[in-house]
Enquirer: 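Before anything else, here's the structure in question.
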Amino acid sequence: MTHRASAESRSSRPDSPFPAVANTDIHRVRETLITWFESAARPLPWRDADTTAWAVLVSEIMSQQTPVSRVEPRWREWMQKWPTPADLAQAPTAEVLHRWDRLGYPRRALRLQEAARVITEELDGHVPQTAKELERLPGIGSYTAAAVTSFAHGERTTVLDTNVRRVLIRLFAGRDRPSPSPGRAETEWAGQFVPETEHKQWNAGVMEFGALVCTARNPQCETCPLNDICAWQKAGRPTSAVKPKTQKWAGTDRQLRGAIMDVLKSAHENADGAHTGGSVPIDLFTTTTAKIDPDMLDELSGHTATKLDRVRDLSADSQRITRLIDDLVSDGLAARTKNVLQLPS
């Protein structure tokens with residue numbers, strides 16, 4: 001519900017984390033961003049009018065913590081290969097992980113395939129229309145459910161990704177960035193900005209505005225069409241005293257896990273031309289270079305051997321590598337048979 005505030009009253013108190021907003025400002029921001037989006041929106045393929053709900057769902061899962069520039073080509077290939085939930089549900093898991101490639105967090109690919117199986121087997125191949133129903137699918141959280149409900153089914157929802165939250169917090173609360181994750185209070189507060197009509201355009205527009213104009217690091221405040229009412233701009237663009245947490249990559253278990261997965265993906269890709277059939281002896285990961293059987297290495301393709309060298313460059317700790325292999329198997333990202341490792345079938 002829209003807060004009833006006078007045009008002069010912007011917040012109930014100066015330090016309110018989610019201040020009340022004047023109706024005139026709400027209408028101004030809505031009209032400005034919807035109009036801006038009409039001319040400035042990137043021509044992303046999943047925004048086409050004939051895009052299926054399944055294709056929208058795939059785009060949302062792929063876009064989690066991944067730049068659009070990396071998502072778009074992978075999405076196109078994915079939808080050509082598996083245009084329906086039934087297609088993905090029947091696909092070999094090894095092929096799914098291989099085609100996920102470098103999108104990151106490969107467990108998302110497994111959850112997406114699990115969701116495809118539920119949609120196929122229990123929902124007659126139809127992607128649910130409500131956020132509540134979507135959240136029952138594997139790997140679907142509140143943001144993804146709201147986004148698919150809005151963009152695929154045209155239902156009025158409050159879509160809150162990092163870009164949307166940053167735009168609203170800067171405009172009306174005067175802070176440079178939101179908290180790490182939205183709570184109920186922020187979700188209810190943000191809901192007042194979603195119009196009764198053109199809500200799909202609003203959700204997409206404010207998200208795009210945060211991605212292209214009101215960016216995290218280099219916002220284009222000088223050309224922003226809302227800089228005259230922006231509370232953050234009026235406050236002098238203060239920087240938060242709490243620095244955002246950044247996930248390290250170099251030297252982490254995540255990096256090493258990814259390198260191990262790269263070996264398995266390469267082995268899978270080159271299975272037709274190798275004696276290993278897509279599997280890699282675990283000893284090649286854990287044994288010191290001096291003790292490796294040369295014949296075992298010769299059975300790998302040159303590309304896979306190069307990927308294996310990368311694992312060795314990252315760590316010579318056999319116990320650490322063994323632990324990470326155990327984790328990959330436990331997560332369903334790898335399969336172990338006796339002393340060989342490969343992508344799950």
Side-chain angles (χ1 to χ4, degrees), residues 61-62 64-67 70 73-74 77-78 81 88 91-114 138-139 245-345:
I61 297 296
M62 286 185 170
Q64 294 172 6
Q65 298 178 298
T66 306
R70 287 170 54 192
R74 190 64 58 235
E77 294 174 7
W78 192 280
K81 180 76 173 178
L88 183 62
T93 301
E95 187 66 12
V96 171
L97 289 171
H98 175 250
R99 288 186 177 271
W100 190 256
D101 196 37
R102 303 295 294 174
L103 286 179
Y105 298 98
R107 275 177 288 190
R108 287 184 293 156
L110 297 183
R111 301 294 88 78
L112 182 56
Q113 186 174 42
E114 290 173 12
K245 293 182 178 180
T246 57
Q247 292 184 327
K248 294 181 180 180
W249 174 250
T252 64
D253 282 356
R254 279 186 57 224
Q255 184 187 28
L256 188 53
R257 276 171 56 111
I260 296 170
M261 286 294 295
D262 284 345
V263 174
L264 302 184
K265 291 174 184 177
S266 176
H268 172 81
E269 183 178 13
N270 293 281
D272 292 341
H275 300 296
T276 58
S279 62
V280 179
I282 294 177
D283 287 347
L284 292 182
F285 291 101
T286 58
T287 305
T288 61
T289 303
K291 296 181 179 180
I292 287 180
D293 185 344
D295 291 337
M296 294 172 65
L297 280 174
D298 289 343
E299 292 182 352
L300 300 179
S301 69
H303 189 256
T304 304
T306 299
K307 296 292 185 181
L308 185 63
D309 287 340
R310 174 62 174 160
V311 174
R312 295 183 167 282
D313 289 341
L314 290 173
S315 178
D317 186 341
S318 62
Q319 292 185 342
R320 181 188 180 196
I321 294 174
T322 298
R323 172 174 58 80
L324 295 180
I325 287 174
D326 290 342
D327 289 345
L328 290 172
V329 173
S330 178
D331 289 341
L333 296 171
R336 176 171 47 202
T337 303
K338 294 183 179 179
N339 196 40
V340 297
L341 197 67
Q342 61 188 39
L343 293 179
S345 59

Enquirer: I need the single residue from Thr322, Asp326, Asp327, Leu328 that forms a side chain to side chain contact (heavy atoms under 4.5 Å, CB included) with Leu324. Which is it?
Expert: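 Single side chain to side chain contact (heavy atoms under 4.5 Å, CB included) partner of Leu324 among Thr322, Asp326, Asp327, Leu328: Asp327.
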Enquirer: Partners of Thr66 by side-chain hydrogen bond (donor to acceptor under 3.5 Å, both in side chains), sequence neighbours excluded?
Expert: Arg108
Enquirer: Check for a donor-acceptor pair, side chain of Asp317 on one end and backbone N or O of Gln319 on the other, with a separation under 3.5 Å.
Expert: yes
Enquirer: Take the angle between the ring planes of Trp78 and Trp100 and call it parallel below 30°, perpendicular above 60°, tilted in between.
Expert: perpendicular
Enquirer: For Arg320, does the CZ atom have more than 12 heavy-atom neighbours from other residues, nucleotides or ligands under 6.0 Å away?
Expert: yes
Enquirer: With sequence neighbours excluded, tell me which residues meet side-chain hydrogen bond (donor to acceptor under 3.5 Å, both in side chains) with Arg310.
Expert: none
Enquirer: One thing to verify: whether Arg99 and Glu95 come together as a salt bridge, which I'm taking to mean a side-chain N less than 4.0 angstrom from a carboxylate O.
Expert: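 Yes.
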Enquirer: Please tell me if the side chains of Leu256 and Ile321 come closer than 4.5 Å, counting only heavy atoms from C-beta onward.
Expert: yes
Enquirer: Working to the nearest 0.5 angstrom, can you tell me the gap between Ile260 CD1 and Lys265 NZ?
Expert: 12.5 Å
Enquirer: Under the 3.5 angstrom rule, does the side chain of Arg312 hit a backbone N or O of Leu284 as a donor-acceptor pair?
Expert: yes
Enquirer: Between Thr304 and Ser266, is a side chain to side chain donor-acceptor pair (under 3.5 Å) present by the stated rule, with each step listed?
Expert: CA-CA 5 Å; Thr304 304; Ser266 176; 2.7 Å; yes
Enquirer: Checking Thr252 side chain against Gln255 main chain: does a donor-acceptor pair fall under 3.5 Å?
Expert: yes
Enquirer: Please determine whether a side-chain nitrogen of the Lys or Arg among Arg70 and Asp101 lies less than 4.0 Å from a carboxylate oxygen of the Asp or Glu.
Expert: no
